[in-house]
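Shown next, in structure tokens, is the structure this report addresses.
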Amino acid sequence: MVEEISFLNISFVNATLFEEEQTVFKYIVEGVLLTAVSTLGISANTLSIAVLSRSEMRSHFSQMLQVLAGFDILYLISSMLIFGLPELFSYYRLQIYPLIVPFVFGVCHIGRVGSVFLTLSITIERFVAVTRPLYSEQQTLKRILLSSSSTFSVLYNIPRFWELTYKQIEIEEENGSTFTAYMTTFSKMRASNYYMNIHFWSKIVLVEIGPYILLATLNIIIILRTRQSSHLQPRSAHASKKEIQMVHILLLIVIMFIICQSFKVIPDLYEVAQCSFGGRKIPQCWENPPEVVSNLATLSHLALSVNSSANFFVYVAWGSKFRAALMRLLRSRYLSGWLTSETNQNFNMRVIASNAVNVEPDGNSTEHVLRRSTDDITQYTWRRDGQTRLTSASQTTIM
């Protein structure tokens with residue numbers, strides 16, 4: 001399939017069993033690689049949100065990056081459910097996938113369009129910050145960009161939730177027994193040439209070509225103005241370094257975005273050519289695409305997952321403040337867990353010490369400190385020379 005979703009292409013095997021036509025290429029790219037990348041990306045974006053929400057990281061720029069990470073998580077989860085898991089598990093492919101895909105299909109597109117428009121919004125925010133440094137309505141601009149991008153991403157993709165449906169089928173096996181399976185099918189709306197032509201062209205203009213042109217144009221201006229302002233308006237080394245880092249982060253995000261999203265352009269243009277000008281109606285115009293187009297569509301699913309997973313590593317590579325906040329977060333979480341464990345163990349030791357006795361033979365003594373916290377030391381003493389007597393455990397408190 002050339003469309004964003006790979007529909008179950010089910011055929012009879014021995015005239016009795018349904019199986020999906022599955023290639024090794026799709027299994028490796030979508031089943032193995034896409035699932036692994038998406039799993040890593042979900043964890044990385046979750047960590048990004050945790051770091052960017054810390055008090056020392058709060059800014060207009062970081063708040064928009066948090067929302068971008070949220071849309072990326074949404075896309076990665078739905079992408080794994082649509083493309084990755086069906087290639088790995090036959091039971092999921094035949095019994096679960098057809099039931100959830102009508103809903104997940106819409107969520108997947110909300111995540112993708114949201115990621116596109118948040119990337120564009122972040123670029124616009126940086127463009128205004130660089131070209132109009134004295135602009136006093138940055139907070140208002142941020143709210144407008146976030147609300148408009150999020151609202152458009154949801155409203156634009158509402159029809160997606162009604163494009164697919166499923167039907168239940170009974171399959172007879174060779175031994176005469178039957179089992180229930182499900183098939184994904186087109187809804188009447190999706191089979192409409194009028195609806196799909198609107199969808200094709202709006203996707204090309206609003207989600208792909210249009211954002212690419214705007215992103216390229218705005219980032220060229222941002223780079224030129226940043227260099228110009230560094231000469232005309234000398235600032236402190238700290239301010240200059242911060243501004244350059246933000247521009248580098250934005251530039252890497254945009255470059256990664258354009259490269260990864262571009263894999264979708266050729267399959268989508270082929271789809272438009274076949275369904276709008278090829279003389280074949282929907283859904284026949286999707287059938288039997290050239291192998292190179294089909295492989296590009298498969299690669300595009302992986303590329304989009306890579307794009308949604310990569311931003312965290314860009315922040316770590318180029319954002320010194322992000323790295324410092326990340327290390328503080330990890331240390332605080334680790335130390336918090338360690339101190340909690342230590343406190344619980346010390347409490348248990350004190351309970352034991354209150355009831356325990358030491359075995360103390362006469363002779364040389366060896367003293368062991370078993371556990372230490374910030375406020376107390378619990379000690380047990382053993383002495384050995386052959387005779388034994390019992391004494392109460394000693395406890396010393398350090399203020």
Side-chain angles (χ1 to χ4, degrees), residues 2-5 61 64-65 67-72 74-75 79 105-131 141-160 163 194-225 247 249-277 293 296-297 299-301 303-308 310-311:
V2 178
E3 250 294 288
E4 291 88 346
I5 181 171
F61 190 63
M64 300 183 80
L65 293 179
V67 180
L68 174 61
F71 277 113
D72 284 337
L74 200 64
Y75 175 80
S79 176
F105 184 61
V107 174
C108 185
H109 280 83
I110 290 175
R112 187 199 171 193
V113 175
S115 180
V116 170
F117 276 84
L118 255 297
T119 302
L120 185 58
S121 296
I122 292 169
T123 303
I124 294 173
E125 191 272 340
R126 282 293 88 201
F127 173 80
V128 173
V130 170
T131 58
L141 176 64
K142 183 206 71 175
R143 290 174 180 171
I144 292 174
L145 290 173
L146 287 178
S147 60
S148 59
S149 298
S150 302
T151 302
F152 176 80
S153 300
V154 174
L155 294 179
Y156 175 75
N157 289 293
I158 285 178
R160 297 286 193 176
E163 288 188 11
Y194 178 75
Y195 168 78
M196 290 310 297
N197 278 324
I198 295 176
H199 156 66
F200 291 153
W201 289 106
S202 64
K203 180 177 65 174
I204 292 293
V205 174
L206 297 178
V207 181
E208 293 176 353
I209 303 298
Y212 298 167
I213 294 173
L214 279 174
L215 286 170
T217 303
L218 292 177
N219 275 278
I220 290 172
I221 297 174
I222 289 172
I223 294 171
L224 294 176
R225 289 299 297 269
V247 171
I249 289 173
L250 175 61
L251 188 60
L252 287 173
I253 290 174
V254 170
I255 291 173
M256 181 69 69
F257 172 85
I258 292 176
I259 292 174
C260 293
Q261 297 279 340
S262 295
F263 279 86
K264 283 291 298 168
V265 174
I266 293 177
D268 287 347
L269 290 176
Y270 174 85
E271 182 182 49
V272 170
Q274 288 294 307
C275 297
S276 297
F277 308 110
V293 174
L296 276 174
L299 285 173
S300 72
H301 302 150
L304 292 177
S305 294
V306 170
N307 180 44
S308 293
N311 290 343

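This structure is a prediction, so every number in the text was calculated from the model and none was measured.
With contacts defined as side-chain heavy-atom distances shorter than 4.5 Å, the pair L296/Y270 does not qualify. Counting heavy atoms from C-beta on, the side chains of F71 and I110 come closer than 4.5 Å. With contacts defined as side-chain heavy-atom distances shorter than 4.5 Å, the pair I158/L155 qualifies. Two residues are said to be in side-chain contact when any heavy atoms from C-beta on lie closer than 4.5 Å; N311 and L65 fail this criterion. Counting only heavy atoms from C-beta outward, the side chains of S308 and Y75 approach each other to under 4.5 Å. The closest side-chain heavy-atom distance from S79 to L304 is not below 4.5 Å. Between K203 and E271, some side-chain heavy-atom pair lies under the 4.5 Å cut-off.
Judged by distance alone, with hydrogens and angles left aside, the side-chain atoms of N157 form a donor-acceptor pair with the main-chain N or O of S153 at under 3.5 Å.
Closest non-hydrogen pair, F263 versus A303, comes out as CD1-CB, 3.7 Å. Pairing each heavy atom of E125 with each of F61, the nearest pair is OE1-CD1, 3.8 Å. The two atoms that bring T123 and T119 nearest to each other are OG1-O, 2.9 Å, heavy atoms only. Scanning both residues, S300 and K264, for their nearest heavy atoms gives OG-CD, 3.1 Å. Of all the heavy atoms in S115 and D72, the pair that sits closest is OG-OD1, 3.0 Å.
Between H199 and Y195, the ring planes lie parallel to each other; the angle is under 30°, not in the 30° to 60° tilted range.
Rounding to the nearest 0.5 Å gives a distance of 9.5 Å between CD1 of I124 and CD1 of I222. In this structure, S121 OG and R126 CZ are separated by 13.5 Å, a value rounded to the nearest 0.5 Å.
Not counting sequence neighbours, the partners of L141 by the side chain to side chain contact (heavy atoms under 4.5 Å, CB included) test are V128, Y135, Q138, L145.
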For residues 252-262, run the donor-acceptor check on the side chains, cut-off 3.5 Å, and write out each pair with its distance to 0.1 Å, sequence neighbours left out.
residue: Q261; atom: OE1; partner: R112; partner atom: NE; Å: 3.3
residue: Q261; atom: OE1; partner: R112; partner atom: NH2; Å: 3.1
residue: S262; atom: OG; partner: I258; partner atom: O; Å: 2.4

